[in-house]
Amino acid sequence: MSSSIIGAAVTRIDGPLKVTGAARYAVDHPLENMVYGFAVSSSIAKGRIVNIDTSEAERMPGVLTIIHHGNADPLFRTAGPFEPNSRTSESRPPFEDDVVYYYGQFVALVVANSFEQAQDAAYHVKVRYQEEKPAVHLDDAAAPGPPVKNYSRGNAEQAFTSAPVKIDETYFTPVETHNPMEMHGTIAVWNGDKVTLYESSQGVVNHHGVMSEMLGVPLENVHVISPFVGSGFGCKLFPWPHSLLAAMAARRVKRPAKVSVPRNLMFTTVGHRPSTKQRVRLGAAQDGKLTAIIHEVQNPTSMIDNVMENCTEPTPILYSCENVSAVQRLVPLNIGTPTPMRGPGATPGIFALDSALDELAVKLNMDPLEIRLKNYAEKDESSGQPFSSKHLREAYQTGAERFGWSKRTPGVGSMRKGDLILGWGVGSATWPAHRGSAEVRVRLMADGRARAACATQDIGTGSYTIFAQVISDRTGIPVEKIDVALGDSSLPPGPTSGGSTATASFLPAVAGATDAAVDAVFQLAVKTEKSPFKGVDPKSLKMTGGRVHRMDQSPDSGTRFQDLLALRQLAALDGQVKTGGNPDAHNYSTHSFGTHFVEVSWDPGIARLRVTRAVSVLDAGRIMNQKTARNQILGAVVMGIGLAMFEETVYDSRNGKPVNNNFADYIVSTNADIPQLECIFLDHPDTVLGEYGARGIGEIGLTGVASALTMATYHATGIRVRELPIRLDKLMPSKVV
Ligand code: MOS
């Protein structure tokens with residue numbers, strides 16, 4: 001089934017609520033009698049709390065209680081990998097003991113009648129520490145730990161040693177901090193032994209499971225509500241300590257408690273993309289054919305959790321090569337626990353791998369696009385499986401034509417536009433495509449509307465709208481008459497908005513539930529007196545434009561479904577379906593692919609580097625909604641430009657403080673940095689993933705941008721930046737003036 005609504009640029013159905021301010025985000029919910037929690041956070045990176053003196057703060061106006069490790073209610077740990085829905089971000093419950101592992105760790109929570117009172121009192125809580133020298137940067141740590149991931153095929157070391165052409169370089173990416181517009185925050189309300197949490201969550205079902213486990217409250221007594229999320233980029237995938245503290249505070253004072261995370265603590269207590277150090281060795285024949293890829297990665301983690309930035313995820317599959325080895329190690333540091341950030345792993349990983357490939361192309365005097373085609377992987381060489389659907393060659397060709405790649409002259413500084421020097425770069429993008437389980441209820445209502453319900457959520461990606469499009473596709477009910485309820489743990493369980501898997505996961509369940517609801521109407525139609533279809537074979541019926549009719553007759557001859565419901569005085573008929581993971585998962589390798597072509601301009605007179613053009617071509621399966629999909633890719637490219645040129649969280653070596661923990665000093669791309677971006681979807685359905693053939697598009701747009709940009713920068717300036725971000729001081733010795 002497929003009407004024109006699938007793939008159309010349908011405007012977000014939740015858009016009016018958002019632009020009029022009617023959409024309620026987590027901490028917007030107005031509850032009576034609210035109290036406010038403000039955290040006291042550690043000013044050291046390593047040591048012990050010797051004493052917490054709350055006496056002055058307790059006497060301040062409006063202060064109700066001050067919670068810390070000496071008086072906190074016990075919390076539990078999650079079962080973690082043993083339970084399907086119990087992944088927390090930081091495994092150590094807050095206030096567990098007197099140990100400080102990182103700067104910014106919550107050491108106390110002041111609870112007061114107003115936010116200002118809580119904040120003021122928090123500054124009067126006196127914490128004495130026994131401070132130890134922390135390890136804040138990679139170089140502060142002793143040797144990295146043992147490998148946490150090891151991949152090998154062929155004999156990469158030997159092939160590298162004997163390769164006629166070699167590249168051996170080390171690349172660095174900085175810590176990046178997720179900075180969604182909506183900061184983290186929770187309102188907790190207890191009603192007897194039941195707790196409701198208003199959250200900003202990318203995974204309502206997981207949040208529900210974790211809170212049940214860590215608070216020690218039965219699942220049925222926990223209710224998580226997260227109808228709107230002001231984006232997350234990964235930092236809202238799994239719960240953080242403030243959510244538990246809101247629940248603890250509310251239970252203690254027997255009033256609703258709001259704990260929000262201010263912008264400065266967004267840099268310490270709710271995750272970040274860890275920095276990476278990546279040595280890449282490539283061996284190749286004179287014609288550019290790769291004979292060896294060796295990719296060695298280190299990333300810092302915290303002292304309390306082991307979080308791997310999976311940089312080597314694309315290494316075995318992106319390019320064809322017989323001998324590949326990849327290893328990842330962790331380096332525990334006194335900083336907060338890292339967490340996935342948009343395109344985790346692949347984004348820094350491809351920066352290193354694709355940069356090295358470009359360095360090889362330069363060495364061989366080859367066109368960077370040609371070397372990618374030379375090493376095109378026809379199948380997944382890590383498993384030997386065919387790709388379910390791969391059109392990367394078409395993506396390169398489409399992008400090259402659109403960008404005008406054939407006009408490129410390879411010499412450094414050889415392309416000019418007036419006084420400006422132009423640089424061109426190209427990169428590959430890839431991201432795995434997976435599908436998990438989902439359960440959806442679709443209800444056809446007596447008032448002629450349809451309603452869908454699922455405990456997945458819309459983090460700004462367009463889930464609400466895609467649900468409505470699918471229901472409309474299968475019933476002909478216009479999207480204006482379709483209501484979608486998401487972001488509530490009391491609804492049928494749905495997927496986390498993570499890993500670019502949500503759409504592929506919920507599509508089959510939305511489709512199945514819609515068909516089941518329609519079928520229920522058909523059953524009613526053939527079994528009800530006065531129905532024009534009484535006694536008809538239900539298999540001969542069809543629903544078009546919301547009307548039930550015989551397949552061999554015009555839809556205009558049909559009866560509106562609500563008129564059939566009325567014959568039995570029914571308020572609604574439901575379909576509810578649960579679907580599982582990808583049934584063909586074992587026969588195919590499922591990945592999305594793409595490419596970015598980037599142009600920079602370099603003005604050596606004033607040392608100004610600007611991105612002036614970018615064309616992205618994505619092979620990401622069937623596109624369900626051109627508007628929301630394009631928005632995902634453009635947003636990701638903006639973040640890719642941020643990674644390449646601006647973003648970096650800088651820590652003070654002495655105490656682990658992120659010194660640029662604010663929007664003035666932590667630089668993200670803004671309008672002036674972004675040229676007209678182009679995004680082209682190849683739109684080939686990947687039916688291995690499901691009937692609609694959609695793969696995820698949330699993350700792939702960020703992979704491959706940074707290396708295309710450093711490549712373009714090299715082409716313009718002759719400077720190879722291997723340590724992001726590209727700052728102007730790194731371009732000062734430019735060979736092109
Ligand atoms: Mo994405 S980093 O899985 O939100």
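All ligand and atom numbering here is 1-based and tracks the order in the structure. Bear in mind that the values here come from a model prediction, so they are computed numbers and not experimental data.
- Atoms of ligand 1 found under 4.0 Å from any heavy atom of G234 (numbered from 1 in listed order, with element): 2 (S), 4 (O).
- With respect to the salt-bridge test (charged N to carboxylate O, under 4.0 angstrom), the residues E213 and R77 do not qualify.
- Every atom of ligand 1 with a heavy atom of F233 under 4.0 Å away is listed here by number and element: 2 (S), 4 (O).
- Although no hydrogens or angles enter the test, the distance criterion places no donor-acceptor pair under 3.5 Å between the side chain of Q278 and the main chain of Y171.
- Proximity of G232 to ligand 1 is not established, as no heavy-atom distance is less than 4.0 Å.
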> Do K390 and S592 pass the side chain to side chain contact (heavy atoms under 4.5 Å, CB included) test, and can you show the C-alpha distance, the side-chain angles, and the key distance before you say yes or no?
Replying inline: CA-CA 7 Å; K390 177 179 178 180; S592 284; over 6 Å; no
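- Heavy-atom contacts of G499 reach the following atoms of ligand 1: 1 (Mo), 3 (O) (cutoff under 4.0 Å).
- Taking any N or O of P344, backbone or side chain, none lies under 3.5 Å from an N or O belonging to ligand 1.
- Note: an N/O pair closer than 3.5 Å links E699 and ligand 1 by distance alone.
- Under the 6.0 Å distance and 45° angle rule, R92 does not count as a cation-pi partner of Y101.
- At a 3.5 angstrom cut-off on N or O pairs, R342 does not count as close to ligand 1.
- Cation-pi geometry between R87 and F238 is met: under 6.0 angstrom from the ring centre, within 45 degrees of the axis.
- For atom 4 (O) of ligand 1, the closest non-hydrogen atom on the protein side is Q202 NE2, 2.8 Å.
- Distances below 4.0 Å separate heavy atoms of P340 from the following atoms of ligand 1: 2 (S).
- An N or O contact shorter than 3.5 Å is missing between G498 and ligand 1 by distance.
- Residues forming a side-chain hydrogen bond (donor to acceptor under 3.5 Å, both in side chains) with S91 (at least two apart in sequence, or on another chain): D305.
- Using a 30° and 60° split on the angle between ring planes, Y651 and H272 fall in the perpendicular class, above 60°.
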